[in-house]
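Below is one structure, written out as structure tokens, with a few remarks after it.
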Amino acid sequence: MKFGVIQFPGSNCDSDTYYAVRDVLRQPVEYIWHQDTDLRKFDCILVPGGFSYGDYLRTGAVARFSPVMGALEGFADRGGLVLGICNGFQILCEAHLLPGALTANVGLKFICRHVNLRVEHNRSAFANECREGQVLRIPIAHGEGNYYCDPETLARLEANGQILFRYCDEQGSLTDEANPNGSLANIAGIVNERGNVAGMMPHPERASESVLGSEDGQFVLKSLVSALVKA
Amino acid sequence: MSIIEKTAIDVRGTIHDTAPIDPEIYREMGMNDAEYREVVKVLGRHPTYTEVGMYAVMWSEHCGYKYSRPVLRLFKKYREALDGAGLENAGIIDIGGGLGIVMKMESHNHPSAVEPFQGAATGVGGILRDIFTMGARPIASLNSLRFGSLDDPHVRYLFEHVVAGIGFYGNCVGVPTVGGEVYFEDCYAGNPLVNAMSVGLLKTEDVAYARADGVGNPVMLVGSGTGRDGIHGATFASVELGPESESRRPNVQMGDPFQEKLLIEATLEALATGHIVGIQDMGAAGITCSTCETAAKAGSGMEIDVLKVPKREADMTPYEVMLSESQERMLCIIEKGREEKVAAVFRKWSLNAVVIGRVTDDGFVHVFEGENLVARIPAKSLADECPTYALETEEPEYVRAAHSVDLSALPEPADYEEVLLKLLASPSIASKEWVYDQYDHMVQTNTSVLPGSDAAVLRIRGTKKAIAITTDCNGRYCYLDPFVGAQIAVAEAARNLVCSGARPMGVTDCLNFANPEKPQAFWQFRRAVEGMAEACEFFNTPVVSGNVSFYNETPQTAIYPTPVVGMLGLIDDCDRRCEQGFKAEGDIVAVLSGGPLSGGAASLGGSEYLRAVHGMVAGAPPRLDMAAEKRLQDCVLGAIGAGLLASAHDCSEGGLAVAIAESCIAGGTGAEVELMAPGPYSATLFGEAQSRIIVSAPVENVDQLRKLAAEHNITFTAIGNVGGSKLRIGLNGAKLIDSDLETIARAWRGAIPAYMVG
């Protein structure tokens, strides 16, 4: 089982993600430079947070043209597991590996704080270690996390169980107050139809050790390991 | 109109055809007639236009410390460094295990006054470069900010954009902004203070030096292209703000945090090749400063060709290239023959890396424009031989007047609960969530105590240790008595660290003052440095680095003297860190104090209560008994180390009542306390007597705590218990405060957002 963490110029959660896999999951992990195109040795690829290419033009808009992204598309086609976190989620949307887009937060400000996420179901490779309806405390840190898609896409996401996580209050209720960025239907994370490519705005790697204030991110990260073990 | 435009002098003139420079020109650059004469003496001829620009900026207060240096010698490490090995290594704090921490704080006040977003952003970028140029990875940023009253729309504009600028830069570079402070006070309305601090971690054996050693070694410029931004930024920092300051906007540099992120990674990777002999970041005075300082430090010389400098604008003159303060650039001195290896690392990160010159041995910095020699200056004369001045001091009259106000004669408020809510909603005391929510304070996944507690705590990966960091300064105390105020800044910073479980280790400072050429302002500066130097020696927290920012005044007013202390502490066992919030129902609440529980009416001097309720800035700052303070800190450190405490919180602005309320809010629980003390109720509840720490602890630890307190000759006063959903405070039997936790939390949390909506 081998994890890869992509490094774009401007990625800044690459080492956090790398450490979470190496030191918390205790799984083999390697960095993948944005110019690399051979992804054959990997089983799961993490697209980390940060400001790839400075997020100039639009978040993720430049990164999607990196050589590694073509290879990542092939990797996903072959059924490899891909999780984009924060900027990684934005990049996956820009690359059309996931539907929808992430626009500026409703308050137009960057927000960094712990939020609560409701696990919509545990059938995916990204939440199989969670209970359905479980509330996870995981931080967000973004200026553009306001998920949007057209009504047909939303209906499809709902019908197919492609919504993985939604912003909620401590009890798991989907309130407007609990929605930090204005995301459509409180969406915090989604998965593609095939179930192998997911994106989420919250940072599980930042909630993977008690010293950081929460270990709930481990539920997400360990789900990847379980999925790979079963595969 | 720029100086160049309105003068007909040849800006490309060589050293062979110089003529006297029009005094109007060098004066506008900030150089006085005597200094010009000194330049002529050093050079043995009149300077070229390029040269006079280089001298003007290097001999400005901002770069040359011409007024402050004689006073800064009071700082022990600074004195030792000046007299001995140079300033370099002084900045490293050894935390054991071969690891060191470097830290520095710097002001970006004037740029932020005229262009708050970029001013603040480039402040962050500049201080980060100071850290990674030493070979350290930046692991944390903090900010100490001062603004006018939020009632003023222009102040709200400055506040909003300064915070946005810090977030813009810090979030993108991936260095967590973990703490700091924000105060609001009228005197900062036109001249906000934006002090950026950065902390880095390195293996002590990997420290990099800003030295141009090795004759013939190539000199490489890496990072961004050079443009016309920021020319004479350092000079701008060395004059008062005025009506024409808006026209200084072009003097403000533009920041590109993406380039900085690449520069951090590329620089650390390039240093790891072992082929970089010396390296210096470019901040104030750009290429001028980095070439002359590295050459001066190594006792070598340097020659460079400005035509080789990668530029982002056409037709730049040598003067502009040498004076540009374009951001995200570094100067590297490379081992001869290894240029390609080093350049390859920078190219991997899509950055320029161009050889612009070489190290020489004649002590001069030669600046060529192709064949033409446009500057030839002894490196040491630029870097080290800035004329210094012993300025006059005079105690301002307001000091005596303020001290003579009788604070015991003030009327007591009718409703103490209302006062508590008012203080909690005072922007200087209120929650700063609105600010730090906009900063990524978690990236790098080391932040173990998030913003909002007494100090930020970061674990040191691969060890059991953690560091705690804080910034502190109460400008009002310093205004009323700069000596005591500065000592309190040091004591309080240390107390904040101790409340987090950390042993104070060292200080970086940012000394913000008004125009030093006015004797009253220079008196404030001198007294503050005297106080700070004495306190730092007493608490064994040497000043390892720092920055002076003068001329912080507008035609309307001068700022309060604001010597900000950034302090670092070490926690041996990260699991033994402590926070301010009450933890468990039934825990005992107690005050550990170096003196009596209440400081009486005198402790209302300079207090937030006095300003918010009586509209007065008067009295003397609270008394500080440094020996008692030290005993208190040792006692609390011992208690945390022994695992006796559930929480610890420094009692500062707003006094006991505010501190207890803050511990309640942070812990999400109520408390019931009963105080017994002589003197006015207002002084007991809201007075700001020093050397007091509010703690909570499981009941079974009380005996041990009492014993520990007695051993340290510290007063232990049990005042109540944690629990319920209300904060109840009684005093001498009278029930003075009975508030729902929700009410006090709303007042505290809602204050700043209420100003900033829409």
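Heavy-atom basis, side chains included; hydrogens, waters and symmetry copies ignored. Sequence lines set the chain letters: A, B, ... in the order given, protein chains first and strands last, and positions in each chain run from 1.
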Checklist line | Heavy atoms from other residues, nucleotides or ligands near CD of Gln35(A) exceed 12 (cutoff 6.0 Å) | finding: yes

Note to self: Nearest 0.5 angstrom please: Tyr19(A) OH to Arg461(B) CZ, how far?
What the structure shows: 5.5 Å

Next item on the list: Give, for atom OH of Tyr53(A) and atom CZ of Phe258(B), the distance between the pair rounded to the nearest 0.5 Å.
Entry: 7.0 Å

Checklist line | Val449(B), part contacting chain A, at a heavy-atom distance under 4.5 Å | finding: neither

Check: Of all heavy-atom pairs between Asn171(B) and Asn12(A), which one has the smallest distance, and what is that distance?
Finding: O-ND2, 3.1 Å

Next item on the list: Report the distance from atom NZ of Lys261(B) to atom OG of Ser11(A), rounding to the nearest 0.5 Å.
Entry: 8.0 Å

Notebook entry, point to check: Any side-chain heavy-atom pair from Asp437(B) and Lys109(A) closer than 4.5 angstrom?
Noted result: no

Margin query: Please classify the contact between Asp256(B) and chain A as side chain, backbone, both or neither, with a heavy-atom cut-off of under 4.5 Å.
Written below: both

Next item on the list: For residues Met442(B) and Leu212(A), determine if any side-chain heavy atom of one lies less than 4.5 Å from a side-chain heavy atom of the other.
Entry: no

Next item on the list: Name the member of Gly107(A), Pro9(A), Ala141(A) that forms the most heavy-atom pairs with chain B at distances under 4.5 Å.
Entry: Pro9(A)

Margin query: Can you tell me which of Pro139(A), Ser210(A), Cys112(A) forms the most heavy-atom pairs within a distance under 4.5 Å of chain B?
Written below: Cys112(A)

Margin query: Can you tell me which portion of Ile264(B) sits under 4.5 Å from chain A's heavy atoms? Options are side chain, backbone, both or neither.
Written below: neither

Next item on the list: Counting only heavy atoms closer than 4.5 Å, note whether Glu209(A) contacts chain B via side chain, backbone, both or neither.
Entry: side chain

Next item on the list: Measure distances from Thr445(B) to the heavy atoms of chain A and classify the residue's part below 4.5 Å as side chain, backbone, both or neither.
Entry: both

Check: So which part of Cys172(B) gets closer than 4.5 Å to some heavy atom of chain A, the side chain, the backbone, both or neither?
Finding: both

Note to self: Asp440(B) and side-chain hydrogen bond (donor to acceptor under 3.5 Å, both in side chains): which single residue from His142(A), His203(A), Arg206(A) fits?
What the structure shows: Arg206(A)

Check: How about Glu30(A): does its CD atom have over 12 heavy atoms from other parts shown lying under 6.0 Å from it?
Finding: yes

Check: Relative to chain B, which segment of Ser208(A) carries a heavy atom at a distance below 4.5 Å: side chain, backbone, both, or neither?
Finding: neither

Next item on the list: Measure across Val211(A) and Cys574(B) and return the closest heavy-atom pair with its distance rounded to 0.1 Å.
Entry: CG2-SG, 3.7 Å

Check: So, Glu433(B) and Arg113(A), do they make that salt bridge, N to O below 4.0 Å?
Finding: no

Check: Is the NZ atom of Lys2(A) crowded by more than 12 outside heavy atoms at less than 6.0 Å?
Finding: yes

